Amino acid sequence: MAPAVAVIGAQWGDEAKGKIVHFLAKDADLCVRFNGGPNAGHTVVDQYGEIRLHQVPVGALYPHCLGVLAQGMVLDLWALREELSALKAQRRPDPKILISERIHLILPFHKVREEREGAADRIGTTRRGIGPAYEDRASRRGLRFLDLTNEELLRERILADHKTWGGFDPEQVLAELLLFREEFEKSVGDAQGRIASALASGKKVVFEGAQGTLLDVDFGTYPYVTSSKTTVHGIPWGTGVWPEFSAVLGVAKAYTTRVGAGPLPTEDHTHFGEKLREAGREYGATTGRPRRCGWLDLVALRYAQKINGFTHLALTKLDVLSGFSELRVAVAYRLEERRTEQFPASSWELMRAEPVYESLPGWEKDIQGVRDFGKLPREARDYVRFVEEAVGVPVALIGTGPRTEDLIVREDLWS
Ligand code: IMP
């Protein structure tokens, strides 16, 4: 079996997947983004400093790893150019990337449309044009990278969009798109074929999920979701390959956060929530918005496990929980006097759910940078074991700080 590891957000995004992918890609040949676009913000802290990647796959930070932008993504070429410049500015080696020729493009009017149609405010989107680009893809009006060779089609489409939406200079956009065609020509090709042949020849492939299970367009807290498939099912959907995984890793923060509108049963409006936000630096990597914070929600996490079939969990930012005398975790919800352990399919119902908490003892000791499970305070180890038992899968990785090496590795996910 070719070793393939899926890295999937198990909550509402921002689970520190960037760092986990960076750790796994150290040994990988390919790192594949299959969903979303510049709405993602995957943060890595390594010897070059801190970088937030939005569209470039994290694995491409290593010269040995090819970053693939598969056709399930939507790509903003203007943002990609900026991202590549940010990498250069940190004197990092040029990343090796392969962009699917089938990838749909985010065009300037997608952002204009997102504002005008009100989704930006209603859902609290990242305002990156993601929703309208996926809408155009579904309604068969989208432009794909391969269409950049068809100048006539491009002009017709851009003029039509300008007439409807305005807000940009059509001639300038056309000229820039033609330049992008040249700039990225060598990086574009058959991503599906490349991933499939890598898997067939036993190469190691890490699939880098963006956003999280509860933002999935089908299984998330609809309509407060993103427009793509963020679950493990997003991998065949967004790449055209059906890998056999050596691990399906659900990444969950040791507490819960969310940006944008929508239900968040364990949200804490007291000083606890505030303390989590400050200690965890919980401000959006893409938009800078303060994240809504609260306790770990095991009802939601068990649901994410059910949907994705995680074989393992990564529990990140455990160090942020140091200094709380008591830690709460939601083990069930109360819905109109009824106790349930099921995650409701309806967001309206979820908004009325009252969490039922269990309290666990906290710990004082600063655990930042701890790399050995045995060196954690007993209460921290018990917290991890409580999560394992509740979700029914082992916690293979534990994050203890922002740097990639601030990690406790309890299992090799490649074998
Ligand atoms: P969109 O993906 O920009 O359309 O935003 C839809 C919803 O998903 C909003 O609630 C966003 O805040 C949320 N979202 C999108 N991308 C991310 C992410 O990478 N992390 C966390 N939330 C995200």
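Atoms within a ligand are numbered from 1 in the order they appear, just like the ligands themselves. Keep in mind that this is a model prediction, so the values were computed, not measured.
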Review point. Looking only at side chains, do H104 and D136 share a donor and an acceptor under 3.5 Å apart?
Key: no
Review point. What pairs meet the salt bridge (charged side-chain N to carboxylate O under 4.0 Å, His left out) rule with one or both residues in residues 324-334, with sequence neighbours excluded?
Key: none
Point to revise | R127/D121 ion pair, N-O < 4.0 Å | key: yes
Point to revise | Qualifying salt bridge (charged side-chain N to carboxylate O under 4.0 Å, His left out) pairs, either residue in residues 50-73, two or more places apart | key: E50-R52, E50-R281
**Study point:** Between T213 and N308: side-chain donor-acceptor atoms closer than 3.5 Å
**Key:** yes
Does ligand 1 have any N/O atom under 3.5 Å from a protein N/O, and what are those pairs and their distances?
| residue | atom | partner | partner atom | Å |
| --- | --- | --- | --- | --- |
| ligand 1 | 2 (O) | N39 | ND2 | 2.9 |
| ligand 1 | 2 (O) | T226 | OG1 | 2.6 |
| ligand 1 | 3 (O) | T126 | N | 2.9 |
| ligand 1 | 3 (O) | T126 | OG1 | 2.6 |
| ligand 1 | 10 (O) | V259 | O | 3.2 |
| ligand 1 | 12 (O) | G124 | O | 3.3 |
| ligand 1 | 12 (O) | V259 | O | 3.1 |
| ligand 1 | 12 (O) | R289 | NH2 | 3.0 |
| ligand 1 | 16 (N) | Q211 | NE2 | 3.3 |
| ligand 1 | 19 (O) | N39 | O | 3.2 |
| ligand 1 | 20 (N) | D14 | OD1 | 3.0 |

Check your understanding: Which pairs with one or both residues in residues 58-84 pass salt bridge (charged side-chain N to carboxylate O under 4.0 Å, His left out), sequence neighbours excluded?
Key -> D76-K111, R81-E183
